[in-house]
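In this text the structure is predicted, and so the values were computed from the model without any measurement. Below, chains carry the letters A, B, ... as their sequence lines are ordered, and counting in each starts from 1.
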Amino acid sequence: MFRFIHTSDLHLGKPFGQFPDDLRGRLIEARHQSIESLARLAQSESATAVLVAGDLFDTGTPSPAIIRQALRVMGNDASVKWVLLPGNHDSLASDELWRQVAKDKPDNVLLALENTPIEMSPAIFILPAPCINRRPGRDLTDWMDGYETPENAIRIGLAHGPIQNFGEEGLTDIIDPNRAKNADLDYLALGDWHGQIKITDHIWYSGAPEPDRFKHNAPGKALVVSIDGKAVQPIVTPAETGVFDWQISDIDLLPGEDLDLKLASRFPEISKRRNALQQVNLQGRLRLPERLQLEQLLAQLHPDFAWMDIRTAGLANEYQVDDLDTIDQAGALRQAADALFDKAQLDNDPNGPAATALSLLYSFAAEEV
Amino acid sequence: MKLRALRLWNVRKFADRGVALEGIGDGVNVLSAENEFGKSTSFDALHAIFFQPYSGTPKAVQMLRPYSGGSPQIEVDIETDAGHFRINKQYYGGRQAKVTEIDTGRIIAQADEAETWVSRLLRGGSSGPAGLLWVQQGATEIGGGSKTEKDDERKVREDLLASVTGDEVELLTGGRRMVRVLDRTQSALDRLVTSTGKPKTPGPYSDALKQLNELREEEDRLAKQIEALRADLDNRRAKSARLAEISDPSAIEQQQSEINQAKQHLQSAEDHAERLKTAEKQQNFALEKQTLAKQRHEALLTQMANLSRLTEQSITDNQQLAQAKEKLAQAQTADNGAREALERDHKTIDEISRKLERANLARASREAKAKLEEVMARLARAENARQEMETLQAECDALSVDEADIEHLDQLAKRIAVLESSVQVESGTLTIDYMHADGAIILNDGKPVEGSRPRNIFTTEVFEIPDIGRLTVTPGSIEGADKMQDKLRVARESLSESLSRLGFTSVSEAKEQQKIFKNKLSALMIKKAELEAHAPEGLAPLRTEVAQLEGKISSDPVEACNIEELEGQLQSARLEVRQTDSKREVSHAALQAAKEVYLRAEIIHNHTTDSLVQLQQQLGSEAETQAEAQSLRAVYERETAEARAASDLVDKLRAEAPDLESVRANFSRLNSILERSEIEREALGKEIAGLDGRIAISADHAIEEIFEQTKGQRQAAEASVSVFEREISALQMLKQVLEEARVAAKEQFFQPVMAELKPLLSLLLNEASITFDDTTLLPQTLARKGQDEDISVLSGGMREQLAILTRLAFARLLAREGHPVPVILDDALVYSDDSRIERMFDALHRQAKDLQIVVFTCRQRAFEKLGGNGLRMIDWVPGSQT
């Protein structure tokens, strides 16, 4: 039986430059911590190996500290072998990186730098397809079909890239979805897609152990894979490993709703908010006072979260007479409000200058009410 | 309300007396009087009766009291819609206030009620419309005064406008709320941008922009570094692959093996070449020996042939020599004959020539002789002429007198004559006319005196007169004659000296000598000419010619002969000689030719003989020669065989020889490949080491990480800038909309007063307009010719005029509202020029259709053109009116 952890796309060294410094530091640290999480997972699940299906590093030139510290963690438990496959971000073209890794790695770290099987044991072979550069443009796993291993040996493919019609960066036509069958693979461990997904019973994307974007709207995970023998269907168990939770919250709003309650129901409980990054997509429509109230509520909630990105492109203003009366019932202020209302209607853009100006007018006028 | 009369008693300058303005009519009323007339007193009194309570003594009331004290009393008749009324107030002692209905005489109100009645009439007391419309002297600014007065007047204006428009100004313009919202908007904008819309520095927007720019620049810089890094990585990869390729040991070994093989080939080729070279040398040597043998053999054969030839030649030469000798003898004989004939002919010529010469000589002698006689005659004449010339020349030399000297003598003589004449004139004269019977003569200084001619007496002279005695004549002292005498004496001395120097005794002698000289000279010239005629070239040539002619004369007796005949003979003889000479030349040439032939034949013969002898000596006997020839032939044949063998060997070796250059080139090429590989390996090693260093540095710097980080930061900065820009856009739009709304509201509020003011303004200025401040409700700016001017910066006259026009506009509004109030102007328009003042008069009259306007002025002349109802101040006693 061969039990191993399938993971990929750690992207160690990813800088997260778009975030403030404090959050950036936490996110970078979380990636490093994911190695320890994987090591703990391997121990807890009695796995003898951790297969990293590419993009261990975010770039071809990570800092020496990133490399060294990652390898140190991997070397802490010599009983667990780490098989590192170059992905498209840390491809073989980054020969300086792999030279440094080869120089500094501990003995339990194996580098899959060639189209040559790695013998884990006489009956277990890893068939790696390392990325030669960022965009190989061809199926690097095709060599697996013809390569012979001892009879009844477990064959596990290890590759990185989009499978046909399915890719992280929209690339297609790369890995043959029939590769597991054609190459007699008991399991094909793939990397590149940051979300965990099953392609077939024998082909999985492990997903990233620590998310790095809102795209997948899911926590970081790895896979615990058990293969009892040749031609036995692998048992694949997802396991959560991530620290930060990247969530997309699509909130539909209508006038008259209890905004406080609405938000509370959509956001995680307070204790979990510190490690939560929220992309809040507001949709629907609100009256001006409600919009003001919503902004105030969100402003109050914002500091609870590690990060909150509020998007109001889909949230329109609903104007009523009362709202405009709040600004003024007559006179120049009312005339100005009416003029902005007309412009906003004409623009039909809830985030356009007229709508925003009207909201500002409302809030300024309301300041003294 | 309209005023109809004003009466004062004991007010200010009118102490203990009263004055009145009666008959104040509708429209424009003018009280035009000099200063100190009481116009301002009238205005103050009018103002006080309406605005100062009877019971108080504020400063305004105190100012009404005369110096002497007492109680000022003021009375005014008014007309309202309710009727005609008389208001009367007395201040200080006996203070009272009373309102009486004039028509009935009924007292309407007294004391405080009277004050109330008056206050209601003016709607708000001093701050009522009258306060707006009553212009005191010097108070031409609208909006001046204390803060309270300003606020009160503002309230009046606002109330007025609000009553006209139906809305308060704050309601229309948004008032304080609008101001606060505008301020809030502006401050939000000011935080982000400047007044020109540029990012405010320092400020969050400019900071965001700056950060974005910095991040963009940094991103670009890092991108370039990454590009360079990737290029280095690619480069290193390529170089490493190349290094591995050329460092392959098997390939190197293969190369070395090829080199060794090539070297062996080269060695073999070089050995072969050496052998060939040796064979070629031997071949050359053999050939040389063959050639030498051949040459020796052929030389011997040649000599033998020569011997045979020479022998035959010798025989031939002998024959030819004999023939040449015979021919030579013949030619000699012919030549001798020709020479003898020529000699004979020459002798003949000589003879004839000698004869001819003698004949010519004889003729020449004859001719010479004739000539000689002629020449000698000429010579004699020439000699004669020469001798005479010499004689004349000697005479001339002896008689020569310088013309200048003669002239000088002549002048002296003339001067003496002139002086003598003068002396005679100056001196006395004595004429003795005496005849002695005996013929005795008178003596003067022992000298007889000639005739009875007058004689000058210059000095004492004694005359002996026979039979009479001695006469002594003394001329006396004649000054002029003395001078003349002196001059004469000097002249005579000079003449004497000159004559002496020249050797003459007298001038006539000198002249005579001169004359003779000239004659001699003339004769000399004639002789000279004669000589030249006979001997133009002189005597010597003549003499020479004579000698020559004498030489030509011969003493030889000459036979008479015909010279022409001799000349003919001579010519024939010469012709003959020529012919003979030609023949001689031919024979001589033939002789020379024969000699040459003979000489040549002799030389050839000798040469042949010498050569034959020499060759015979060299060759020896014929047998020996034959033996030598055979021997040389054998040697030649042997050498020929050896040379052939050597050539065969060379040919063989050449055919077998490899292309040494190709073999050498191949060896060199293979060596160069190896060397180049070594150089390339070394160079690649260095380059890769360099690239390793650069890449390691970039890797250590985690440049791609930093790039990704910067990229993310740049994206965040762009989002932040977008947010700011949206905010700025919205704030700018909000500000614009608010200001537009406010302006529109203002315009709406001030429309009534603007409508009244516009025609009045057009009387003063073309295409001008006024804007009002919605806070103070006062004119704020004047717009004319496209430019806005703040009221405060206008000239005093302009402000004065605008203030009055504004009051007139407000007054019309009040009138339209049904509350007309008179406009009182106390010495207004003091700053206005004549042109403007007339226009203002037009404005006053225009408004006076609906208003009562009372004008107090001290500018009598200027205000004559105002027209209107002229007011006169008359005396008044309280109670005297009805």
Does the B/Ser720 side chain pair with the main chain of B/Ala716, one donor and one acceptor, at a distance under 3.5 Å? no
Please check if atom CD in A/Glu114 has more than 12 non-hydrogen atoms from other residues, nucleotides or ligands closer than 6.0 Å. no
Max heavy-atom pair count under 4.5 Å with chain A, selected residue of B/Gly712, B/Ser729, B/Ala188: B/Gly712
Does one side chain, of B/Gln736 or B/Glu740, offer a donor that lies under 3.5 Å from an acceptor on the other? yes
Select, from A/Thr59, A/Ile67, A/Ile66, A/Thr356, the one with the greatest count of heavy-atom pairs under 4.5 Å involving chain B. A/Thr59
Which answer fits B/Thr185, side chain, backbone, both or neither, if we ask what part of it has an atom under 4.5 Å from a heavy atom of chain A? both
Would you call the rings of A/Phe19 and A/Trp307 parallel, tilted or perpendicular, where under 30° means parallel and over 60° means perpendicular? perpendicular
Examine whether an atom of A/Asp58 lies under 4.5 Å from a heavy atom of chain B, and if so say whether it belongs to the side chain, the backbone or both; otherwise answer neither. side chain
Top contributor to chain B contacts, counting heavy-atom pairs under 4.5 Å, from A/Gln18, A/Gln335, A/Gln329: A/Gln18
Cation over ring, A/Lys14 on A/Phe16, under 6.0 Å and within 45°? yes
Between the side chains of B/Arg726 and A/Asn351, does any donor sit under 3.5 Å from an acceptor? no
State whether B/Glu218 and B/Arg714 are salt-bridged, where the test is any N-O pair (Lys NZ or Arg NE/NH1/NH2 against Asp/Glu carboxylate O) under 4.0 Å. no
Honestly, the part of A/Arg99 sitting under 4.5 Å from a heavy atom of chain B is side chain
Interface moiety of A/Ile327 toward chain B, non-hydrogen atoms closer than 4.5 Å: backbone
Contacting region of B/Arg236 [heavy-atom separation from chain A under 4.5 Å]: side chain
Please state whether the side chain, the backbone, both or neither of A/Ala355 comes within less than 4.5 Å of a heavy atom of chain B. neither
